[in-house]
2 protein chains.
Amino acid sequence: MANKNYTEEQERMARFAKAMGHPARMAILEFLLRQETCFFGDIHEELPIAKATVSQHLKELKEAGLIQGEIETPKVKYCINRENWELARKMFSAFFGQSVCKKESCCG
Amino acid sequence: MANKNYTEEQERMARFAKAMGHPARMAILEFLLRQETCFFGDIHEELPIAKATVSQHLKELKEAGLIQGEIETPKVKYCINRENWELARKMFSAFFGQSVCKKESCCG
DNA sequence: AATATTATTCGTAATTTTGCGAACAATATT
DNA sequence: AATATTGTTCGCAAAATTACGAATAATATT
């Protein structure tokens, strides 16, 4: 058991990944990427869950930095947070860009 | 509230993302990618948590399909599951490859 | 002023996650 | 046979997640 902590990178990427770690939130992100509309009501309509729950998932995505919301009375409009989206894109891209080592000492 | 369920894709990707949604598990994956060694003990040595907890995280990564383990008595060797790794790579790549819509109706 | 629309917050319940130490299993070594 | 080494599993506790309906807030409309 090392004394060592996790790196900033690991913490950050885990934060993004965790936010993506629920099908409802993946569905929301995909919806916002397609971006036909982005009002709360439209998002809710797409999902098989109660509006209170949708609101909760939106909050988590927002807190993770992947989306943002703004009020357009009486509606609320949600969108991808472009800056953090780009950051996440880069991190995941770099992560999966690593080639898996092929030493014979590895399984398979 | 739609009657509609989540897609297979959404479920699958959320499963991968969830597995990556903890810094300890990100650290494990990075360690296995670097692949200096891949015995349980070496992994445990890198992390600031008890071995029981490491074992638990490894189990989750295994159940999500991202890694695999095999016994090399008296040690246990863990590795990236190449097949699913490739699948995950493709899914995340496709997901982040989508360009974010730029309609003026979107925020920002 | 009363009502309707839209979405968030509150209160609650059930489940899952995270983490640990202790106990256990399985094989090697003495 | 006793001991050491290596990891997993068990039992438990604390915290976080997921989900819902009801209550609330904030503005528009009648």
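What you see below is based on every heavy atom in this structure, not just the backbone, and it leaves out hydrogens, waters and symmetry mates. Every chain is numbered from 1 and lettered A, B, ... according to where its sequence line falls, protein lines coming before strand lines.
At whole-Å resolution of the value, CZ in A:R25 and P in D:dA16 are 15 Å apart. The separation between B:E70 atom CD and C:dT27 atom P is 16 Å, rounded to whole Å. Here the P atom of nucleotide D:dT17 and the CD atom of B:E60 are 14 Å apart, to the nearest Å. Protein atom NE2 of A:H44 is 12 Å distant from nucleotide atom P of C:dT6, rounded to whole Å. For the pair B:I71 CD1 and D:dT5 P, the interatomic distance rounds to 20 Å; values are reported in whole Å. One can place CD1 of A:I67 at 9 Å from P of C:dT8, the figure rounded to the nearest angstrom. Counting to the nearest Å, the C1' atom of D:dG7 and the CE atom of A:M1 are 16 Å from each other. What separates CD of A:E45 from C1' of C:dT5 is a distance of 14 Å, to the nearest Å.
Taking only side-chain atoms of A:T53, from C-beta outward, the nucleotide of C:dT17, D:dA19, C:dA22 with the closest atom is D:dA19. Among the nucleotides D:dT18, D:dT9, C:dT18, the one closest to the side chain of B:H57 is C:dT18. With C:dA7, C:dT17, D:dT8 as the candidates, the nucleotide lying closest to the side chain of A:F40 is C:dA7. Comparing atom distances between the B:H22 side chain and each of C:dT17, D:dC20, C:dT18 picks out C:dT18 as nearest. Of the listed nucleotides (C:dT18, D:dT17, C:dT9), C:dT18 has the atom at the smallest distance from the side chain of B:Q56. Closest to the side chain of A:A50, from the set D:dC10, C:dT18, D:dG21, is D:dG21. Comparing D:dT9, D:dG7, C:dT8 against the side chain of A:Y78 picks out C:dT8 as the nearest. With C:dT6, C:dT18, D:dT9 as the candidates, the nucleotide lying closest to the side chain of A:K75 is C:dT6. Nearest nucleotide to the A:I49 side chain, out of D:dC20, C:dC20, C:dA7: D:dC20.
Residues A:K51 and A:T73 each lie close to DNA chain D; by heavy-atom proximity, the contact nearer the 5' end of the strand is made by A:K51. Closest-nucleotide positions on DNA chain D for B:D42 and A:A24 were compared, and the one nearer the 5' end corresponds to B:D42.
Looking at B:F39 and B:V76, their side chains never come closer than 4.5 Å, going by heavy atoms from C-beta outward.
Listed for the B:Q98 side chain is a donor-acceptor partner under 3.5 Å among the backbone atoms of B:F95. For B:H44 (side chain) and B:I49 (main-chain N/O), a donor-acceptor pair under 3.5 Å exists by modelled atom type. Side-chain atoms of A:H22 never come within 3.5 Å of backbone atoms of B:R15 as a donor-acceptor pair (strictly under, hydrogens ignored).
When the side-chain nitrogen and oxygen atoms of A:K18 are compared with OP1 and OP2 of D:dT17, one or more of them lie within a distance under 4.0 Å.
Under 4.0 Å is where a charged nitrogen must lie from a carboxylate oxygen, and between B:R89 and B:E86 at least one such pair does.
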